[in-house]
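Step one of this worksheet: look at the structure below.
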Amino acid sequence: MNTDEVYSKVEATLDVDIKGATERFCGNKDLFLMCLKRFAEEPTFGELKKTIQRGDYEGAFEQAHTLKGVCANMGLISLLESVSGITEILRSKSYDGLKEEFEKTEKLYSDTVNKIKELIN
Amino acid sequence: MSEGKKIILIVDDSFINRQMLCNILNDEYNTIQAENGAEALEILREHGERISAVLLDVITPIMNGYRFLEERQKDKVLSNIPVIATTINDPHIAEIETLKRGATDFIQKPYNPTVVRQRVENIIKLRETAAFVNTVEHDALTGFYNREAFYAHARRYIDANSEKDFDFIAMDLNDFKIVNDMFGENVGDELLKCWSKIIENDIAKNGMCGRISGDVFAVVMPGHREYSEELFEGYIEKLNRFDLNFTLKVKFGIYHVEDKSLPLSLMCDRALLAIKAIKDDFRKTFSYYDESLKEKLWNEQELTNTMRNALKTGQFHVYLQPKYDLYNNTVSGAEALVRWIHPEKGFMPPITFIPLFEKNGFITELDMYVCDKVCQIIRSWIDEGIEPVPVSINVSRVDIYNPALIETINKCVKKYDIPVKYLHIEITETSYTENSMQLKDVVLMLRKEGYHIEMDDFGSGYSSLNMLNDIPVDTLKLDMGFLKKGERTGRDETVMSFVVSLAKKLSLSVIAEGVEKKDEAEFLRSLGCDYAQGYLYSKPVPVDEFNKDFVKTKRPFKGIEEKEKTDFKDVDSEALNDILDTSDFNKIFDSSAAVSALMEYDGKDIYIKRTTKDFRNFMNEITGKTGPLFKLREYMSEKAFDCFKDCFEKARKDGHRFDIILPFSENVEKKTYIRFKAKILSKTGDKYEFMADVEDADKFTDEKGEIIFNGEVRRCEN
């Protein structure tokens, strides 16, 4: 598959604002795909999970925040919304519904990551 | 990295975010990436101001953005590099906090490439403009406003506080040029920095300060205060903690600002005028401006306006003051001195116009006028069949800079067709402290033409010992002035006796000036001083009178003896050691600012006999050893010593001076080249005594280690 073919498939398969993301990458589709692949490989989400499990909510907030930024830049719409939800709970320091919100996000994240891995080898 | 592009540092723990920013900026900038604050700080410290801007993700592990900003603020250079914080579009993130800690702007995620580029461009432009304004307004060394900026800001300060009174204080660091000369510009710069801190923290605590020129600073202070010597001496004392082994002096001039509409430059002129009034008065550190000073300035202006006409119309007269041979009371020469007989003001003392002419450069014309007149006088003696005595003319320190000096003197000599031996040239030691290289060149050329050189005011400056090694003069002139201040003390006499014996050992004649009393003449005679000049014998007199009294009366005439300079006669070593062992001598020698030593050479080794403090420090640095140094040979290779021997042998036979660069690399921790500038003084049996100035020869070495030096220097390798 060439770049354009993969690119179209990504657009069709993922909940992604591909137009916005491409603009952010200054039209560099290869770089966008490379970063998407990297996103699927990066340990950030795993780190977030670990910090929450540890009860290190401050660390978790930083991880969530970083993840949120990356999702925003990559244009991963639903994942961004979901991660934002975690960020807000962590910021409020009430931690109400954190577990549920995290489980929901984790599912969405692994779903997204699996799709990316299938699309880009 | 491509050349010429500005560098942006991107700090973000996310690889993806960094890639995006690089991708956005790569067309226009070079980018460097850091994963966290600690890494970023390291990069910043390495590249410093070459980095044009930093894009910083506020939340990064290891050192977050806030801590990074705090660390950066601590460093003066780094805090000037603008930081753009990048953050998620999130109203809760404490943007204010980031701003407070020094971020200059924000970019939000998700990135908008156009916005990112625009922000970066803006911030760089802003910084460059700010930096430009900064360099234009501020003096790089001290951070003070420079003259123009100071005037402008002080103007606003005064205008904004029109109900207040103000004092304008100018401060002049005396002898700063000498500090630069003796200790190098780096030390001079450090000194200025130290002084600027004192001004900022002590003097101008609630005022405004600026650097007017090299060593002149100024402050504007609210209020009209009465100041005291103690106050200013306190500041000077603080400055002297900058340990130079050299007493620093500062003069303060105060203008109580009466007329606030006066341009700041004129306020400054008035404060400077107040300094000028006490410039030569060592007892005073400060003075106020008053109207009489303005009058003095007007007088000076009037003299300046009329001086050229005065020269044309013959108002300047050459007077001659005889120099006496102390042994047989005969006239052995004369010094030509200029007098201005003004048609209205009458006889004007030289002090009223010579300093002014030195300042406005007219002295060169006047000196050359005197030179012409003196040659004419000598010609007239020859024409009348009288054996002339040599007449010395004064060459001002200003003349040293005149490239046509020697040519002009030569022209006068040719014009009247007189033998050069009758024209002596007096130069002052201050010329040496101001520009030693130039003076050396001029003296060497004058001597080459056959002129006899007299060093005026010897011992008055700071570099007397250096100068003797550096400048080949024939005669030293000592001013008796310091013997007259109060009682004659043992120390002064020792200084006199030291200088006279030193001169003798250097085969130089000594003329004592300002001799007024018989017992002074006796004392000089007892020291072995050759010649004297002063009111005891005669004041300066018009040429006719000189002719009548000293030429036409049949007194025997004798010129100043040319000392023979082939090899050394043995000197009485005991007498010599008597002088050298006096504690006064040690004190004088030790406190000399020269890096000098008195050494002895016996053909087998070089022994160090006396050293200045700076010499000891210098050698300890080179050899890595502390304590006394006795034999120099230990620090020299066989070859280097042979080279030294060879040079010494040549100098012994001819000129008595040598200038050599030698490697000091065996048995020492640090390989280095040292320059020896030496002068052989005396011989006792097989031992020769010589005085040497030493210096690190690194500055004569280029990148390849080749020695580059224009002077007469011998090079020798291990």
Side-chain angles (χ1 to χ4, degrees), chain A residues 16-45 47-48 50-51 56 58-77 79-81 83-93 116, chain B residues 10-29 31 33-38 55-68 84-95 97-98 106-120:
Chain A
V16 57
D17 168 23
I18 202 151
K19 192 167 162 276
T22 314
E23 269 172 23
R24 282 190 284 281
F25 281 93
C26 307
N28 188 339
K29 290 179 186 169
D30 283 323
L31 186 65
F32 169 71
L33 293 177
M34 191 266 263
C35 284
L36 200 60
K37 185 165 180 265
R38 175 81 186 210
F39 177 79
E41 290 160 359
E42 264 185 354
T44 317
F45 195 85
E47 296 291 334
L48 172 65
K50 270 188 228 159
T51 47
D56 171 11
E58 231 166 84
F61 175 71
E62 291 192 359
Q63 294 290 350
H65 206 270
T66 301
L67 194 62
K68 188 176 153 189
V70 177
C71 289
N73 272 334
M74 296 304 295
L76 298 165
I77 304 162
L79 196 55
L80 171 65
E81 269 171 30
V83 173
S84 295
I86 295 177
T87 315
E88 289 318 305
I89 292 171
L90 287 167
R91 190 201 311 281
S92 72
K93 295 194 174 148
I116 293 170
Chain B
I10 293 166
V11 191
D12 199 310
D13 60 322
S14 157
F15 170 85
I16 295 170
N17 289 342
R18 294 198 306 270
Q19 285 305 310
M20 289 182 79
L21 286 173
C22 287
N23 186 50
I24 293 170
L25 297 169
N26 264 343
D27 281 351
E28 300 225 15
Y29 305 96
T31 51
Q33 304 179 27
E35 279 189 41
N36 55 60
L55 289 179
L56 171 76
D57 180 22
V58 178
I59 293 172
T60 64
I62 300 183
M63 180 191 278
N64 71 27
Y66 297 129
R67 278 210 33 228
F68 167 81
I84 302 173
T86 62
T87 175
I88 186 82
N89 183 1
D90 181 341
H92 303 289
I93 283 286
E95 297 187 349
E97 186 62 21
T98 328
F106 285 92
I107 294 175
Q108 290 180 335
K109 290 170 195 161
Y111 301 135
N112 177 334
T114 317
V115 171
V116 172
R117 284 196 203 104
Q118 195 60 51
R119 293 270 162 95
V120 169

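A, B, ... follow the sequence lines: proteins, then strands. Residue 1 opens every chain.
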>> For A:Gln63, which atoms come within 4.5 Å of any heavy atom of chain B: side chain, backbone, both, or neither?
In response: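 Contact with chain B involves no heavy atom of A:Gln63 at all.
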
> What pairs meet the salt bridge (Lys or Arg N to Asp or Glu O under 4.0 Å) rule with one or both residues in residues 18-28 of chain B, with sequence neighbours excluded?
Replying inline: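 Matches after skipping sequence neighbours: none remain.
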
> Would you say the side-chain atoms of A:Asn73 pair up with the backbone N or O of B:Lys109, donor to acceptor, closer than 3.5 Å?
Replying inline: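 Checked: no pair found.
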
>> Does anything in residues 16-25 of chain A reach chain B? List residues with heavy atoms under 4.5 Å apart, or say none.
In response: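 The list, in residue order, reads A:Glu23, A:Arg24, A:Phe25.
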
Which heavy atom in [X] sits nearest to a heavy atom in [Y], and how many Å separate them?
X: B:Pro110; Y: A:Ala72; value: CB-O, 3.3 Å
X: A:Gly69; Y: B:Asn17; value: O-OD1, 4.2 Å
X: A:Met74; Y: B:Ile16; value: SD-CG2, 3.5 Å

>> Using 0.5 Å steps for rounding, measure from the CD atom of B:Gln19 to the CZ atom of A:Arg38.
In response: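 Spacing of CD (B:Gln19) from CZ (A:Arg38) equals 8.0 Å.
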
> For the atom pair NE2 (A:His65) and CG (B:Asp57), what is the distance rounded to the nearest 0.5 Å?
Replying inline: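 If we round to the nearest 0.5 Å, A:His65:NE2 and B:Asp57:CG are 8.5 Å apart.
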
> Is it true that atom CD of A:Glu41 has more than 12 heavy atoms of other residues, nucleotides or ligands lying nearer than 6.0 Å?
Replying inline: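 Counting neighbours around CD of A:Glu41, more than 12 heavy atoms of other residues, nucleotides or ligands fall under 6.0 Å, so yes.
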
